[in-house]
Amino acid sequence: MAQKPSIPKGTRDFSPLEMARRNFIFNTIQEVFKQFGYQPIETPAMENLSTLLGKYGEEGDRLLFKILNSGDFTKNIKAEDYEAKNLNRLALAVSEKGLRYDLTVPFARYVVQHRNDITFPFKRYQIQPVWRADRPQKGRYREFYQCDVDVIGSNSLLNEVELIRIIDEVFNRLKVNVTIKLNNRKVLSGMAESIDAADKLIDITTAIDKLDKIGIEKVYQELLSKGITQDSIDNLEPIINLSGTNDSKLNCLKQLIGHTDDGEKGIAELETVLNYLKPLNVKSKVEIDQSLARGLNYYTGAIIEVKANGVSIGSICGGGRYDNLTGIFGLPDVSGVGVSFGADRIYDVMKEQNLFPKEVETSTEVMFVNFGEREGAHALEVLVSLQQNGIRAELYPDAGKMKKQMKYANQRAIPFVVLIGEQEMETKHYTLKNMLTGEQEKLTLDELVKKIKKAQ
RNA sequence: GUGGUUGUAGCUCAGUUGGUUAGAGCACUGGAUUGUGGUUCCAGGGGUCGUGGGUUCAAAUCCCAUCUACCACCCCA
């Protein structure tokens, strides 16, 4: 136990069964992305710190993994920074690269860098791990995969509609029951403006974002502590407390904040998206949630978040529109909208709800028992024909005890075993054993193929 | 980053007020069964009790530190 090896905090190994299930998720998501016409890109695991820093707020900067410079990494350290324990400056002195924190900022960097080769609107997807130096918890890891779809260079709200359809399609295929929550940043600014607290937008949004979790009283407490007046809070109450159907929420919002510029625009956008959606037969519940804010302060329009119904885990997918993300890299006025699927959390939800189809766990469909040199050679020929017919087959490599070979097949959950000994070699009728029922029968090669194919 | 809970065999866990050689179930290996797994029976291997220090004649057990996992906050996929 003492010197048992281990892996860093918040990281995980994935064993074959977990990989089979994870790949099921990744493949499903990727198929949907492709079906909607998105193209893949990849970016490096590490980016220059200058690309990453300052994009996620103070909290985000703290959660960035930084990479120690090669060579003499002390050469840029200034004595006074060391004396004063100026950690930020020391970190910059010894490190100029960091692990990516999400896929959106590297994508923005990519777009700016390759702007001359890209045809806009650019629809890309990206499935890669990201790293955050967060304290791990259930559903929270330090290394996890994001599956991003974004379209950049188009202001059309049809993109929002398309993303919602993608979300719906992915979770339908995965059989995960979800609620898609929708809001608009402009509605939030309209709210702030209508209570004369436009300058406190961030404080207001982060506070009411917690409504679900901590209840309305605590939200008010937090607002007061941030310097929002009691008058303003009283005015805010009817807005936060909206309930009912999307239509009735929209109507109330119009009355309450429709007079502000941003409020009017935001409501109109929400209404447009929902109207597009109406005839499209989206199966997941789509609901307006005027308390939905999400932390990232670069969203400017739509805000989207997906929750799995009946599982207490954070959001499993989220995103929104950002009008000027590439602006920070010197390419202004390019609007983008996208969402990110959290594969690891989707895995946890599906695990908890037993949603993985057991077919994904079958690797080898048929195993040949090895009786010895001559029998093995014969089995190999039969095996090749099966493989050429698209059947996943393997021959046990050692002519060991039959019990051991059967046990191997059993534990690998291989549904069929073929036995080829003296008798079978002579008659060319091979014994096929169904490992689930225990039934055996003697079949010719053609019958063998047919039988196994039928079970696929 | 703040506060709390935790750690004994590969896994899930017992372990008395601190007291000889730390146990069980499952898993693993071998046998009963040299052409039959998943059931049954028998036998066996495997732990310096997370790590480091301290208290004590004596520590898995008490104290401190540290690491891990989990929970709440913060934040988020």
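Quick note on labels: first sequence line is chain A, next is B, and so on, each numbered from 1. Computed from heavy atoms alone, side chains included, the values below leave out hydrogens, waters and symmetry copies.
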Undergrad: Give, ordered by number, those residues of residues 343-364 of chain A having at least one heavy-atom distance below 4.0 Å to an atom of RNA chain B; if nothing qualifies, reply none.
TA: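 Here the set is A:Arg345.
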
Undergrad: Specify the residues of residues 428-440 of chain A, ordered by number, for which at least one heavy atom lies under 4.0 angstrom from an atom of RNA chain B.
TA: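 Heavy-atom cutoff 4.0 Å gives A:Thr431, A:Lys433, A:Met435, A:Leu436, A:Gly438, A:Gln440.
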
Undergrad: Check each residue of residues 159-182 of chain A for a non-hydrogen atom within less than 4.0 Å of any atom in RNA chain B, then write out the ones that pass by number, or none.
TA: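 Nucleic-acid contacts, sorted: none.
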
Undergrad: Could you check whether A:Tyr408 and A:Tyr396 have their ring centres less than 6.0 Å apart?
TA: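 Yes.
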
Undergrad: For the ring pair A:Tyr347 and A:Phe24, is the centre-to-centre distance below 6.0 Å?
TA: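 Not close enough - the centres of the two rings lie 6.0 Å or further apart.
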
Undergrad: At less than 4.0 Å, is any side-chain N or O atom of A:Lys210 found next to OP1 or OP2 of B:C75? Yes or no.
TA: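 True: A:Lys210 side-chain N/O within range (under 4.0 Å) of B:C75 OP1/OP2.
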
Undergrad: Take atom NE2 of A:His378 and atom P of B:G35, then tell me their distance rounded to the nearest Å.
TA: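 After rounding, the gap between these two atoms is 19 Å.
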
Undergrad: Under 4.0 Å between a side-chain N/O of A:Lys401 and OP1 or OP2 of B:G31, yes or no?
TA: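 For B:G31, OP1/OP2 do have a side-chain N/O of A:Lys401 under 4.0 Å.
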
Undergrad: Would you please say whether a donor-acceptor pair under 3.5 Å links the side chains of A:Asn184 and A:Glu269?
TA: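 A pair is found: one side chain offers a donor N or O, the other an acceptor, under 3.5 Å apart.
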
Undergrad: Ignoring the backbone of A:Glu59, work out which of B:A77, B:G35, B:C75 is nearest its side chain.
TA: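 Out of B:A77, B:G35, B:C75, the nucleotide with an atom closest to A:Glu59's side chain is B:C75.
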
Undergrad: Shorter than 3.5 Å, N or O on both sides, protein versus nucleotides 65-72 of chain B: list them out with atom names.
TA:
from, atom 1, to, atom 2, distance (Å)
B:U68, OP2, A:Lys9, NZ, 3.2
B:A69, OP1, A:Gly10, N, 2.8
B:C71, OP2, A:Lys138, N, 2.4
B:A72, OP2, A:Gln137, OE1, 3.1

Undergrad: What I want to check is whether the side chains of A:Asn69 and A:Ser95 have a donor and an acceptor closer together than 3.5 Å.
TA: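 There is no such pair between these side chains.
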
Undergrad: Roughly, in whole Å, what's the span from CZ in A:Arg62 to C1' in B:C74?
TA: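 Rounded to the whole Å, the gap is 8 Å.
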
Undergrad: What integer distance in Å separates A:Glu305:CD from B:C75:C1'?
TA: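 The distance from CD of A:Glu305 to C1' of B:C75 comes to 13 Å, rounded to the nearest Å.
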
Undergrad: Find the distance A:Lys404:NZ to B:U33:C1' and express it as a whole number of Å.
TA: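 It is 17 Å, rounded to the nearest whole Å.
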
Undergrad: Go through residues 406-414 of chain A and report each residue with a non-hydrogen atom lying under 4.0 Å from RNA chain B, sorted by number.
TA: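 Those residues are A:Met406, A:Lys407, A:Asn410, A:Gln411.
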
Undergrad: Let's test your reading of the pairing rules: Watson-Crick or G-U wobble, both distances under 3.5 Å, then write RNA chain B as a dot-bracket string with ( ), [ ], | and dots.
TA: (((((.(..((((.....[...)))).(((((.......))))).....(((((..]....)))))).)))))....

